[in-house]
Amino acid sequence: QVQLVESGGGLVQAGGSLRLSCAASGRTFSTYNMGWFRQAPGKDREFVAARAWSGGSTYYADSVKGRFTISRDNAKNTVYLQMNSLKSEDTAVYYCAAHRSYGGLRVPISDKEYDYWGQGTQVTVSS
């Protein structure tokens with residue numbers, strides 16, 4: 001069982017930056033692929049970024065590529081999402097999620113494949 005707690009959301013002006021954190025419980029954090037998803041009002045939840053359990057591979061949605069960076073610190077059981085050059089369309093509730101890797105190399109980008117979820121943190125970008 002893994003419990004995830006996000007923090008770092010808030011209100012920021014367009015062009016600004018925020019860093020989200022997701023702290024995970026459990027001794028097996030390093031074996032989970034970690035992802036960030038977001039859901040804007042009236043829209044489906046969408047993939048934002050993911051990082052492999054091994055730390056080597058990262059994946060981004062086209063809409064955030066070049067602006068957002070996902071990183072993880074396995075020693076701290078924490079995954080981060082650095083968000084720069086924020087736009088009003090980035091406004092959403094952001095969720096982190098964990099996927100059991102079983103040592104495999106595939107990192108899913110579908111939310112249906114993730115096993116554990118945080119409660120979400122609101123990010124609001126004012127234009």
Side-chain angles (χ1 to χ4, degrees):
Q1 189 80 3
V2 175
Q3 291 185 324
L4 305 172
V5 179
E6 301 98 335
S7 61
L11 174 65
V12 64
Q13 287 189 330
S17 298
L18 280 175
R19 188 175 84 154
L20 305 184
S21 299
C22 174
S25 66
R27 296 176 295 173
T28 58
F29 173 77
S30 62
T31 66
Y32 286 80
N33 297 313
M34 297 300 297
W36 285 97
F37 293 80
R38 66 186 181 186
Q39 188 167 21
K43 294 188 176 181
D44 292 336
R45 187 163 55 191
E46 65 174 0
F47 169 76
V48 175
R51 186 151 191 140
W53 66 273
S54 60
S57 300
T58 55
Y59 304 85
Y60 296 96
D62 287 344
S63 58
V64 306
K65 207 170 291 184
R67 299 188 297 122
F68 290 12
T69 302
I70 184 171
S71 60
R72 63 188 296 164
D73 185 336
N74 288 343
K76 296 183 178 180
N77 279 15
T78 302
V79 64
Y80 305 97
L81 185 68
Q82 178 67 42
M83 306 186 295
N84 298 328
S85 302
L86 282 161
K87 305 175 182 179
S88 57
E89 51 262 45
D90 295 319
T91 294
V93 177
Y94 283 71
Y95 300 89
C96 74
H99 166 261
R100 290 191 208 92
S101 71
Y102 299 109
L105 299 179
R106 191 178 68 87
V107 180
I109 63 171
S110 168
D111 60 349
K112 294 177 176 58
E113 296 191 66
Y114 281 77
D115 303 292
Y116 301 102
W117 292 84
Q119 83 288 350
T121 186
Q122 176 71 47
V123 172
T124 303
V125 183
S126 64
S127 56

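When all heavy atoms are compared, the tightest approach of Asn33 to Pro108 is ND2-CD, 4.1 Å. Heavy-atom minimum distance, Ser17 versus Ser85: OG-N, 4.3 Å. Minimum interatomic distance between Leu18 and Gly8 (heavy atoms only, all atoms of both residues): CD2-O, 3.8 Å. Across Gly118 and Tyr95, no two heavy atoms sit closer than the pair O-CD2, 3.6 Å. The two residues Ala14 and Ser127 make their nearest non-hydrogen contact at CB-CA, 4.2 Å.
Residue Arg19 holds its CZ atom at 9.0 Å from OG of Ser7, rounded to the nearest 0.5 Å. The distance from the SG atom of Cys22 to the CG atom of Asn77 is 10.0 Å, given to the nearest 0.5 Å.
Side-chain contact between Thr91 and Gln122 is present, with at least one heavy-atom pair separated by less than 4.5 Å. The closest side-chain heavy-atom distance from Gln1 to Tyr116 is below 4.5 Å. Put simply, the side chain of Trp53 does not reach to within 4.5 Å of the side chain of Asn74, judged on heavy atoms. With contacts defined as side-chain heavy-atom distances shorter than 4.5 Å, the pair Leu20/Glu6 does not qualify. Using a 4.5 Å cut-off on side-chain heavy atoms (C-beta onward), Leu4 and Met34 make contact. The side-chain heavy atoms of Trp117 and Arg45, taken from C-beta on, include a pair separated by under 4.5 Å. Put simply, the side chain of Tyr60 does not reach to within 4.5 Å of the side chain of Ile109, judged on heavy atoms.
At a threshold of 4.5 Å between side-chain heavy atoms, the hydrophobic network of Ile, Leu, Val, Met, Phe, Trp and Tyr places Val48 and Val107 in two separate groups. Under the 4.5 Å side-chain heavy-atom criterion for grouping Ile, Leu, Val, Met, Phe, Trp and Tyr, Phe47 is not connected to Phe68 through any hydrophobic cluster. Following chains of ILVMFWY side-chain contacts shorter than 4.5 Å, one can reach Met83 starting from Val125, so the two form part of one hydrophobic cluster. No path of Ile, Leu, Val, Met, Phe, Trp and Tyr side chains, each step under 4.5 Å between heavy atoms, connects Tyr59 with Tyr80, placing them in separate hydrophobic clusters. A single hydrophobic cluster is seen to contain both Val12 and Leu81, as judged by linkage of ILVMFWY side chains at heavy-atom distances under 4.5 Å, directly or through other members.
Not counting sequence neighbours, the partners of Gln82 by the side-chain hydrogen bond (donor to acceptor under 3.5 Å, both in side chains) test are Asn84. Looking at residues two or more places apart in sequence or on another chain, you find a side-chain hydrogen bond (donor to acceptor under 3.5 Å, both in side chains) between Asp90 and Arg38, Arg67.
In summary, the aromatic rings of Tyr114 and Phe37 are positioned with their centroids under 6.0 Å apart.
Side chain of Ser101 to backbone of Thr31: a donor-acceptor contact under 3.5 angstrom is found.
By the 6.0 Å contact criterion, CD on Glu89 is enclosed, its count of non-hydrogen atoms from other residues, nucleotides or ligands being greater than 12. Heavy-atom neighbours of Lys43 NZ from other residues, nucleotides or ligands within 6.0 Å: at or below the threshold of 12. Atom CG of Leu105 sits in a sparse spot, with 12 or fewer heavy atoms from other residues, nucleotides or ligands closer than 6.0 Å.
The cationic atom of Arg72 (NZ for Lys, CZ for Arg) does not lie both less than 6.0 Å from the six-membered ring centre of Tyr32 and within 45° of the ring axis.
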